[in-house]
Structure formats: structure tokens, C-alpha cells
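Note: hydrogens, waters and symmetry copies are ignored here, and every other heavy atom, side chains too, is used. Quick note on labels: first sequence line is chain A, next is B, and so on, each numbered from 1.
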Amino acid sequence: MSIDTPSKPQRGPSILVQSVEGVGQGLIGFVSNIGGVMSLLVDVVRWSLRRPLRLQNLFAQLDFVGVGSIFIVALTGLFTGMVFAFQSSTAFELFDAESLVGPTVALTLTRELAPVFSALMITMRAGSAMCTELGTMRVTEQVDALETMAVNPVQYLLVPRIQAGLFMTPALTMLFNTAGMGGAYVVSVVVKGISAGTFISRTRQWMDPMDVWEGIIKGAIFGLSVALICCYKGYNASGGAKGVGQATTEAMVSSALSIFILDFIVGVLMH
Amino acid sequence: MSDSNSTASAKPMIDIVDLHKTFGEHRVLTGINLTVPAGSTCVILGGSGSGKTVLMKHMIGLLKPDSGQVIIDGEDIVPVGVEELQRVRRKFGMVFQAAALFDSMTVYENVAFPLREHTRLPEEQIREKVRAKLDLMGLKREAEQKFPADLSGGMRKRVGLARAIVLDPKVVLYDEPTTGLDPITTDYVDEMILAAQRELGVTSVVISHDIASAFNVADQIAFLSKGVIVEHGPPEQLRASEHPAVKVFLQTWFGKN
Ligand SMILES: Nc1ncnc2c1ncn2[C@@H]1O[C@H](COP(=O)(O)OP(=O)(O)OP(=O)(O)O)[C@@H](O)[C@H]1O
Ligand SMILES: [Mg+2]
């Protein structure tokens, strides 16, 4: 970018001090973001309970977040299941334990991979769009215009998006499970020659409905978190096109981080 | 202009008392006092960056002041919550400097939006009202289904005007309504502001850079400079002002004539 002033080589605080400062600032930013996201959550809950219910907006967002992500989530699930089945059957062959491929893939998919990967794909596809759209509306004063027309922007813009994230991520997690197990079945049975009966019966034997529920609950939590963060960043964007770009970058990074951090926390709490 | 005496005694629709606003280090408004009587038209003049838009945004609660009062129709809107603000805002229409049209909606949907939100009119009546306002702004039928991104700047502005007045609000805030419009449309808009005042008793606040149209529509002109209103009164009073900033500003126009 030619208009940016070139950074002169600086003498000054050493790299060590600078990096400590950087980490400190990162932490401060992180904590203040959590505060902002939490108060946004309170606002969203409050406004979601009020009339008018914006069903039209909600359906548009459900369609965008959910229906629009079917293809990429199914595709990601399919390949994840295939790769995972391939790798684990290669490893299990060494111990003559191919019968465990089905349950291994099933447990890991339902509990961990499906919610995490679905949420990541939704972040990239829908979260980025939420953030840029809201950010653009903010910097072009469309949000202000809504307010002057006595329409609450939290209710009109944010509630439907966050509800869509909350409802659709678990649904897509289920889809990911299905596609992933399909892929794992094909690779194990067709490519690796594990018997179909073994694959299915062993998977049934080891799987518990709670495992599926764990994935669904995680999906809901991740979906809520991602949608909240992306909406928060976009809604509070400032500083023109550059500001919107920056907000989107931050939203993507924070959303992905939140998925991994929450995954750990929820995992610990549920076992 | 002729009824400026009668309106001056009317109760104030907007009353701003000792308003201060700072952005970071930047002190934009430093003690604004301004009263706009109900049913009158107040034009705010001032150099670029003097804080006119910031002042207007305080009138409708989009910005909160550091200190001071914004009294709308007898009620201070600074301390009130979001819900009450919504109620107050139903009296208002606002035209944004850069139009601020919803770019995911067509021109028609933009103008119909306030009607759909705040009335239960059937679609035919909505269409009638939307078309009436679009006609008033000289926008053709074929523009109805276009999206804001496909319009010229002047057209966008006119759609913004139509949207602001479609609910026939009691108070209309115009942030540079005629900047970027051709002279004929400018006259149109001026005439519309006057007609709204005459026929519906609308209170208008107009930010303008166009001195001719300011003198044309204003009951009162307020001149904003360095964070305060340095001159406020009927156009003749402003014309005779001795304040150096006002003199320089007006010379650019009257100097030429
Ligand atoms: N949200 C904001 N954050 C920081 N500074 C702001 C903000 N809004 C306005 N300002 C600053 O306040 C000052 C006044 O801005 P304002 O938009 O009110 O000017 P204006 O009088 O409307 O000018 P113009 O005639 O060019 O529209 C400017 O210097 C601007 O940089
Ligand atoms: Mg301005």
C-alpha cells in the first residue's frame, strides 16, 4: 500500500519489551472483547423476547447460514470421515484391530470433529459475511438510519443472525456426522475391505447417544459464540472500508480461537 | 420568514442547552445553545468539519453528549433509555448527508420501510404513499426496482428524502439535503420544506452549504463556528452580522452578487 507511511527502522524498546507489550495489549483486547460480547449477548436475549418477532429476517438468516452451508459442510464432513478412516485403518491394521475403525471414527467425529469443523466452516462462510455486512451498514450509517426510524438494530439485524448461528450449527453438525460416517464407511468397507457387518455392529456397540448429544450441544455453543463475535465485530466497526476489513480479520481469528477454547472447556465440563 | 415573530413565541420543539461533545482529544461542540420553535425552520450554517452533523445527531439521540441537555418537545432525551428514545424518534425523519439507504433493498422497499415498520397499511396504500413521495422527489417509476448502488448520488439523496418524509413526521432533520442536486431539484426540495411547514406545521432543521436556499427556507439561521453557535436569528440578522466568521462565510456568496 503506497499510501501507508513506510515504517522506519526504530531504535527504542527492544524486541523483547515490544513483544511483551504486544502480548499485554492482546490480553487487554481479549478481555475487553469478552466484556463487549457478553453485554451484546444480554442485549440480544432481551430484544429477542420482544415484539415484533422478526420472522422474515430470521428465516432469511436460517436460509443463509443453514441451507447455504449444506454443501460445504457435507463436503468437509465427507472428506474428514474418509481421511480419518483411511489413516486409522492403516494404523489399526498393524495390530489386527481394523474392527475398531468404525467406533474410533464415530466417537471422534461426533464428539469433536463434527462440531469444531462445522463451526469453522460456518465462521468462514457465514460469519465473515455477517461481519462485513454489518460493518458496512455501520460505516455507511445504515445502522444509524435504522435507529432514526425507531427500529432497534439489535432486534432487526443481530437477533436473527445470532439465532441462526445458534440453531443451524447443531443441525449442520449432524449433517457433518452423517456425511463423515458415510465417507468412513466407503473407505473402510470398499477401499480397505473391512466387513460391513463388523463396521456397523462395532460402531453401534461403542457409540452412546450421549456422544451425539455432546456434539450437538457443542455445535450450539460454538454457533452462538461465532455468530456473537462476528456480529459484535461488524456492528462496532468504524473507519470506513479499512475498518470493516480489520473487523472481519479480528472476527475470524477470535471466532476460531473461541471454538477451540470452548471445545476444551465444554469437553472438561461434560466428562 | 414572515411569521418568524409568531413562531419565536411558540413552544420549542427542540431545545439544546449547553451541549458539549468531545471525540478523544477533539473538542467538537463546546457549549451549544439552540432553540427551534415548533413549526419553524432552522438552518444551520458553518464551515466543513465545524460539527453540524454531530450537532444534528444529538438532536435524535444517535450521539450522547458529554454534558448538556437535548430537550425534544419538553422531554430531555439525554438520560432516557433505548425504548423511550424509540418513542421519541417516531416524531422524526432524518435525511443523512450520504443518504444511508439500505443497500440490500430496492428504492421502493427503502421508502416503504418506515410504513411497513410503523403502520398496518395494506400494500396498495403503501404503494400509493411511496409513489406519491417518489413523484414529489421527481423520481421515475423505473427507478423503483433499482438498488441504491445503481443510482446516481443525486438520485440516492432524493430517495433518502422520500424515505425521511414518508411517515409525515412532525420534525424533519435534513443533513445537506440539496448538496449534489441540480438547481431545479434544489428549488424543488426547498419548496417541499416550505410546503411541509406551511401545510403540516412541520418543524425542520436543515444543514446547508447553499446560502441561497438557506435564506430561502429559514425562519432562523444558526451559525456554528469553533464549537459554538456564534449567531442565531432571522436571516436579516445574520446578513447584518458583525461576527468575522459569519462575514467571511457570507461574503463568498453575497460578495459575488
Ligand atoms: N464518530 C466520530 N468519531 C470521531 N470524530 C468524529 C466523529 N464524528 C465526527 N467527528 C469529528 O467531528 C468534527 C465535526 O464533524 P461533522 O461531521 O459534524 O462536520 P460537519 O460540520 O457536518 O462537516 P461537513 O459540512 O463537511 O459535513 C470533524 O472534525 C470530525 O472529524
Ligand atoms: Mg456533515
Side-chain angles (χ1 to χ4, degrees), chain A residues 39-40 42-61 63-64 68 126 129-161 164 234-241 243-244, chain B residues 23-24 53-54 56-64 72 77 81-105 109-120 148-149 156 159-161 163-167 169 171-175 205:
Chain A
S39 70
L40 180 63
V42 172
D43 254 13
V44 165
V45 172
R46 212 158 59 91
W47 282 101
S48 64
L49 302 174
R50 299 191 165 214
R51 298 189 163 265
L53 300 173
R54 309 236 171 230
L55 290 181
Q56 211 181 342
N57 292 15
L58 177 61
F59 284 124
Q61 288 302 320
D63 181 57
F64 173 67
M130 284 181 194
C131 186
T132 45
E133 193 179 1
L134 292 172
T136 306
M137 290 187 77
R138 167 63 76 191
V139 301
T140 56
E141 297 183 314
Q142 292 176 52
V143 175
D144 287 345
L146 261 185
E147 283 195 66
T148 64
M149 286 178 234
V151 172
N152 184 276
V154 172
Q155 187 182 40
Y156 189 83
L157 296 171
L158 302 195
V159 169
R161 285 173 169 77
Y235 190 63
N236 292 298
S238 63
V244 175
Chain B
F23 290 108
T53 301
V54 170
M56 183 169 274
K57 285 186 175 175
H58 279 89
M59 293 177 184
I60 194 168
L62 284 176
L63 290 171
K64 290 269 179 197
I72 304 295
I77 63 162
V82 190
E83 288 86 357
E84 274 120 286
L85 257 185
Q86 288 212 27
R87 186 175 43 74
V88 175
R89 282 172 178 157
R90 292 197 190 177
K91 298 177 193 154
F92 279 88
M94 177 161 177
V95 182
F96 284 79
Q97 194 165 357
L101 301 179
F102 303 127
D103 50 24
S104 60
M105 299 181 193
E109 288 167 338
N110 263 284
V111 180
F113 185 83
L115 291 167
R116 295 202 168 127
E117 281 298 320
H118 297 302
T119 70
R120 291 173 184 278
R156 251 177 256 159
V159 177
L161 278 157
R163 187 178 66 176
I165 58 170
V166 74
L167 278 173
V171 187
V172 188
L173 308 178
Y174 301 88
D175 195 347
V205 180

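- Using a 4.5 Å cut-off between heavy atoms, Arg163(B) contacts chain A through its side chain alone, with no backbone atom that close.
- Met105(B) touches chain A through its side chain: at least one heavy atom from C-beta onward sits under 4.5 Å away, while N, CA, C and O do not.
- In terms of heavy-atom pairs under 4.5 angstrom with chain A, the leader among Arg87(B), Gln86(B), Arg90(B), Gln97(B) is Gln86(B).
- Only the side chain of Phe96(B) comes within less than 4.5 Å of a heavy atom of chain A; its backbone N, CA, C and O stay farther away.
- For the atom pair CG (Leu85(B)) and CG (Asn152(A)), the distance works out to 10.5 Å, reported to the nearest 0.5 Å.
- You'll find the ring centres of Phe113(B) and Tyr156(A) inside the 6.0 Å limit.
- Within 6.0 Å of the CD atom in Gln56(A), the count of heavy atoms belonging to other residues, nucleotides or ligands does not exceed 12.
- Across every non-hydrogen atom of Thr148(A) and Met94(B), the tightest pair is CG2-SD, 4.1 Å.
- Between His118(B) and Ala150(A), the shortest heavy-atom distance links the atoms CE1-O, 3.5 Å.
- A donor-acceptor contact shorter than 3.5 Å links the side chain of Gln142(A) to the backbone of Asp103(B).
- Of the atoms belonging to Leu173(B), not a single heavy atom falls under 4.5 Å from chain A.
- Heavy-atom minimum distance, Arg89(B) versus Glu147(A): CD-O, 3.0 Å.
- Contact detail for Pro114(B) and Met149(A): the closest heavy-atom pair is CG-SD, 3.7 Å.
- Summarising the geometry of Ala100(B) relative to Ala145(A), their closest heavy-atom pair is O-CB, 3.8 Å, with the distance given to 0.1 Å.
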